[in-house]
Amino acid sequence: MSRALILFASLVKGIGTRDGSAEKEKDFRGKSQKQVQFNPGQTWASWKVRILTDGEYEQSETFEIVLSEPVMAALDFPSAATVEILDPADESTVFIPQSTYAIEEDVGELLIPVRRSGDVTQELMVICYTQQGSATGTVPSTVLSYSDYISRPEEHGSILRFDKGETEKPCRVVVIDDSLYEGEESFNISLSLPVGGRLGPEFTSARVTILPDLDDAPVFYFGEMEYHVDESQNFVEVRVWRTGTGSLPKRATVTVRSRKTDPVSAEARVPLRHTGPCPVRISRRLRSGLDYVGISRNLDFAPGVNMQTFRVTILDDLGQPVLEGTESFELVLRNAGERHSWESRARPPSTSTTPISDPRDVSRRFSQDRSLQLPKVQFRDALYVAKENEGRISVAVFRSGDVSYRSTVRCYTRQGSAQVATDFEERPNTDAFHHHLPTSASPFGASVGAQSETVIKIKDNADKPIIKFGETKFSVSEPKESGQVSMVRIPGSPRAATPPRCRWSGCTPRTGSATSGEDYHPVSEEAGETEHAVEVEVLYDGVREMREAFTIHLKPDENMVAETQMSKAIVYIEETNSMADVTFPSVPQVVSLLHYDDIGACNQKYSDYEKTGSICVSENINDTLTRYRWLVSAPKGPDGVASPMREADFDTFFTSSKLITLDSVYFQAGSRVQCAARAVNSNGDEGLELSSPIASISMEEGMCQPRKVGTVGAEPFSAKLRYTGADDPDHANLIKLTVTMPHMDGMLPVVSTRPLSNFDLTLSPDGTRVGNHRCSNLLDYDEVATRHGFLTDATKNPELIGETSPYQYSAPLRGANTLRFYRNLNLEACLWEFVSYYDMSELLTDCGGTIGTDGQVLNLVQSYVTLRVPLHVSYVFHSPVGAGGWQHFDLQSELRLTFVYDTAILWKEGISSPPQAELQGALYPTSMRINEYGRLVVNFRTEARFRGLFVTSHSASPLASMIMSADHPGLTFNLTLVRTEPTYNQPLQQWTFISDFAVRDYSGTYTVKLVPCTSNPNQEYTIPPVCNPRDPITFDLDIRFQQVSDPVAVEFNLNTQMFLLSKKALWLSDGTMGFGQESDAAFSEGDVIYGRVMVDPVQNLGDSFTCNIERVFLCTGADGYVPKYNPAKFEFGCLADSPSLLYRFKIIDKAQPETQATFFGNTNFGAVLAVDDPEALSLVKQPGSDGFRVDSSAMFQGVTGREWYIHTIYTVRSRSNANRGKRSVEYHSVSASGSPAQGNQPRSRRSAGDPPELVDQIGADNNRGTNIMHIALDRTRSGSARGPAADALLPQELSGQGGEQGLVTAVGVLVGLLLTVLVAVVLALLLRSRQREKGEEAGPKVLSSREPMVTRGGGSDDSSEV
């Protein structure tokens, strides 16, 4: 404090503190003295305030020191002083105690201590992250090769959290112990972004050094210490091994050299190579004896290779064998990278661990242990074959080794199967049979080689008997009349030298195309002569055939002496007249059954029978034996293109395609039908086949047309399930199932209680449908396993009066099976009605029905039981182009029949305890239900008919109340006492038991064991009760209870298809005929690509659904990448950015057209939706279809060979919810008013792995689908819509000549208009941008990015389901 005008003494009586954010006695303490004295001449004075230290870090705090009540002075400004208390010493500081750490590679987990000082009463968070140095890090989700540790990124996952009072926390880093040998490497661990404290001055970062792992160092060694080799083996193979896990992934080289032993044992030959004029000096000592070829070579070990093999050539003294002793030489390993190296003797491989980097390398000694070059005498071959008629055989004996000495060997014979004196002359084992080999005797003697014996086989082929046919093929004509026989004689060849005991077992004919007993008489003969002939009788069979054949075989000799050769001969039976030359005099005719469906020219109702009848009689044609077959094609398309005719060769259980009448199930309105008839004469011989002209089925004059002409699909049906009762005279106490459904021409109704599929097998006449569909209209009356079926043995509906179609129920024309099925059709009302009766057991066992109850009770007297029967209805029609020949529409439903059964006895009287029980009681079930977890819940009450009550358990008894069921031994229950009356005088108690698990059917007997507990007569009720436990009382409760399934919803799958077409007329067609090969067309430069997305015409449900294209993307992959759409693998086709895409354009956006990309380079895409094209009005009006068109010229820009893909997003929804073909009016009005467009909003940054927003909107929940297709481009020719590519690139004033000036003028006007619109848009965007903050982008972006694309689900199908 200071004062001015120092004259007299003054006094400040009032001085003190005033709390601010700092509080007195907590943060500071003032002096007790409350005044300050200034003496005369004194200008300043001090008043002390003690600042209190609390050890806790606090933010900046303040308080005031205030002056008041001056004496002999006046207070000047300022009269108060503010004191700010700073607390830097207590601030929590986090740091790493050391700046360096050295670890081994196999440490596994490195824990770096992170400490903090200062105020530790609060929590603190800090990020501990790694920084890459010479060591390489990797993320834990995708561990990369050659990584040294798992990185800790600088993000929230690397946060260390210090709790209150915690001063140290480890920072965990996983070190990867790989098999690579690496030098010293390092990385850094740093701290950043502390919350609740600050970083200390040192150390905020530490360097971690990974020391080299000596266990990974590479070591080379030989596989063996010594190698023994014979001089005659020519080489020795040596293995060199490499160990050390660190060396295997790398390339390594080691040098192997040979050297002489000391003293010298084996001499080496040095290979000479002439490399120039420099002379080569050869050592003298190498001239004397050469034993091996010296080597000096490098062995290269590729990555991953741990063993190499090399050979050392051993030289044999073949020319002049010399007796030598054991010789040896050495092989030495050296470091290939050292210029100077030392050599060392090798240790055994098990202890050889010296690294090659040491100049002293490991050596190995090899021993060439030769056998002495003694003369060896042996036979040349192990087997000799001699012919008995040659009389003698010579056997070669040869000698090897040192042949400079004389040798002697004895050669003798031993008999085997050949006998001495009978088969050969003996050579005895005596000196008389020595063989002397010339030259002087060897001091070392001689030896017998390994081939000391040889076997001689004596063959006698000249005396072997042989049996065979003389020829292998014979021909005979079939007799012309019955009773006649033709004979074929088959001779056998003479046998050579057949012994008298040899006998061949004979020959036997075997059936080929000819049948034994019908075409020939079988024979089996035996013969023992030298030559024998077999005769076979050929019969007349009365069947005209081109040729028949049978074979005759020789059986082996029964004595196994003679050899059988050429044991098979073929006999052909020829017929002179194989085909009946009979044919119809005129082609068949196809007419409707309304006009008598007869196709034969020899039928009396044939239109020209007066002319053809006499010819048929003269040709002996039997019209009742005529063979028929039918050919059908799909209806023509709008463009008049007809599908090819295909034979209807599929028979059903009630129809056949080989009859005179073709059932309507094989064709539909607009189909083309053709019949082929083959005439048969009176003898049954078939003649030539004639085909009728192709007839077309009328589109307008059908008997039962669909409700809406031109559409096909599933029609509604009615199904009823009714109990007949006891009063029904024919079907008492049965359940009647009635299915009524409309009939449409060409549609077959199929009704079954089992799911319907694979109709080519289901409709076939075989027995598959009998086992799978026991309750259906697929079974004829004699195939039904139940008492009644939908089809009966009746062929005509008795309720129909008169016959509007006289031949509708003609058995000769249609067949009994067909009439039994069509009995259920009321042709006048065009309604099918199928009725059948079943009892309850049949519905449950055979029809797949279920029965259950929901547990509801009526007045404690009656309960509900519900019978549920599934019902599957399909409309099936024949399609020559469909899979299996059939297409279908499927519907399904569930029929329910509810019964009410009387439970008054059970609910009123209850269940009593066994009569023999000591204590009596009663159990009354009150309710049963299935809870939300599918478990059984039973509520019941009990009445104790003794003084006392029932208890769950008692401390004085080991027994407890429980629930058990013999029908469900694995099911356990939880029994609970809900409430009890507070009395011992026969109280009523409420109980509940719940099953611990859920099963489908709870039906069975449940045993309830309750522990009774008796009390004294005068005892009052207390809680807990005081009583005496007794033996449990048993109650048997029968329960019939099943899980109730939810109703089956009727669902449809709408299949969509996408096509790329080159013809505009086909693009605008209704597509009911399909597009065939037109969808596979290749587009040339300048062609217009017409794209179309539509609901499958087979599933067309009229105008119920609409299809709208929302966006169209165009993209091409980089480096041959094929885009795929598979969101599960983060592949999004052309919808999202991807480095794998080279170009990506959004060429159509229905909601935001200004965001479309219109140009690629200088070429316009010309992409237009069908709704914006006035010429595509017919396509827009078609239900379930939408389209677009785009110019292909832009796709020919850039590098030749680039493949383009087009990706569409579309919606399929019901017409009541669709706004087909309209732009977003709300969006355009917002844009016109000048408010910011959607494209100008700031966009959040998405990670590379996140799916784009478009993908989240695709799926059945949003009624949105997607398709992707490849665009086939033909670069070999130019399109007809434009000129050559060279002319297209010229400036307009050069390429346009004469009549093209008008086109140039029109293009100029169009460009001017586009520039005007562009300038207006730019001005509007500039005005908007001034109203926004700086740095915000203005104007919509034209997306031109890179993204992948794929077909839906990874398949190649171009359709998707919504």
Side-chain angles (χ1 to χ4, degrees), residues 139 141-142 1056 1058 1060 1091 1093 1108-1160 1165 1167 1169 1188 1190 1194-1195 1198 1202-1212 1237-1271 1337 1339-1362:
V139 294
S141 59
T142 56
T1056 57
M1058 179 179 173
L1060 297 181
V1093 177
N1108 294 328
I1109 297 176
E1110 292 187 346
R1111 295 181 181 89
V1112 180
F1113 295 85
L1114 189 67
C1115 66
T1116 180
D1119 300 328
Y1121 172 75
V1122 177
K1124 304 178 180 64
Y1125 183 79
N1126 189 356
K1129 296 183 180 180
F1130 294 95
E1131 296 179 304
F1132 307 107
C1134 297
L1135 304 185
D1137 292 330
S1138 172
S1140 302
L1141 293 184
L1142 184 61
Y1143 295 110
R1144 170 182 172 270
F1145 304 97
K1146 181 172 67 174
I1147 60 176
I1148 290 179
D1149 191 331
K1150 187 174 184 179
Q1152 302 179 15
E1154 68 276 5
T1155 63
Q1156 298 175 179
T1158 57
F1159 286 88
F1160 178 30
F1165 286 112
L1169 275 172
F1188 63 91
V1190 62
M1195 306 174 198
R1202 182 172 297 133
E1203 300 295 332
W1204 289 88
Y1205 298 83
I1206 196 161
H1207 201 161
T1208 61
I1209 299 177
Y1210 53 89
T1211 58
V1212 178
Q1238 185 177 355
N1240 295 330
Q1241 297 294 335
R1243 299 176 61 185
S1244 59
R1245 186 179 184 89
R1246 299 174 66 94
S1247 62
D1250 294 338
E1253 297 177 359
L1254 290 176
V1255 177
D1256 298 336
Q1257 301 173 2
I1258 296 174
D1261 297 337
N1262 298 319
N1263 295 330
R1264 183 174 282 107
T1266 181
N1267 271 336
I1268 187 171
M1269 287 189 67
H1270 169 251
I1271 302 176
E1337 294 182 359
K1341 290 184 178 180
V1342 177
L1343 298 180
S1344 178
S1345 55
R1346 304 175 179 177
E1347 306 176 5
M1349 52 196 274
V1350 185
T1351 52
R1352 185 174 178 85
S1356 60
D1357 193 2
D1358 287 334
S1359 64
S1360 60
E1361 291 188 357
V1362 179

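Treat the numbers as computed from the prediction; the structure is a model and nothing was measured.
Counting all heavy atoms, side chain and backbone alike, K1146 lies closest to T1155 at NZ-OG1, 3.1 Å. Nearest heavy atom pair, residue H1207 against residue F1132, reads CE1-O, 3.9 Å. Of all heavy-atom pairs between D1149 and Q1156, the closest is N-OE1, 2.9 Å. For the pair V1093 and M1058, the tightest heavy-atom approach, listed with the atom from each and the gap, is CG2-CG, 4.1 Å.
Residues L1169 and F1188 meet the side-chain proximity criterion, which asks for heavy atoms closer than 4.5 Å. Residues Y1205 and V1122 meet the side-chain proximity criterion, which asks for heavy atoms closer than 4.5 Å.
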Could you go through V1190 and V1112, starting from their C-alpha distance and side-chain angles, then the distance that decides it, and tell me whether this counts as side chain to side chain contact (heavy atoms under 4.5 Å, CB included)? CA-CA 10 Å; V1190 62; V1112 180; over 6 Å; no
Let me see the working for I1209 and F1113 under side chain to side chain contact (heavy atoms under 4.5 Å, CB included), right down to the final yes or no. CA-CA 9 Å; I1209 299 177; F1113 295 85; 4.1 Å; yes
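Distance check, rounded to the nearest 0.5 Å: CD1 of I1268 to SG of C1115 gives 5.5 Å. Atom CD1 of residue I1109 and atom OG1 of residue T1208 lie 6.0 Å apart, to the nearest 0.5 angstrom. Of the inter-residue distances, the one linking I1206 atom CD1 with M1269 atom CE reads 9.5 Å to the nearest 0.5 angstrom. Taking CD1 of I1148 as the start and NZ of K1150 as the end, the distance is 10.5 Å to the nearest 0.5 Å. For the atom pair CH2 (W1204) and CZ (F1145), the distance works out to 5.0 Å, reported to the nearest 0.5 Å. In this structure, N1108 CG and Y1210 OH are separated by 12.0 Å, a value rounded to the nearest 0.5 Å.
A donor-acceptor pair is defined here as one N or O able to donate and one able to accept, closer than 3.5 Å; no such pair exists between the side chain of R1202 and the backbone of A1118.
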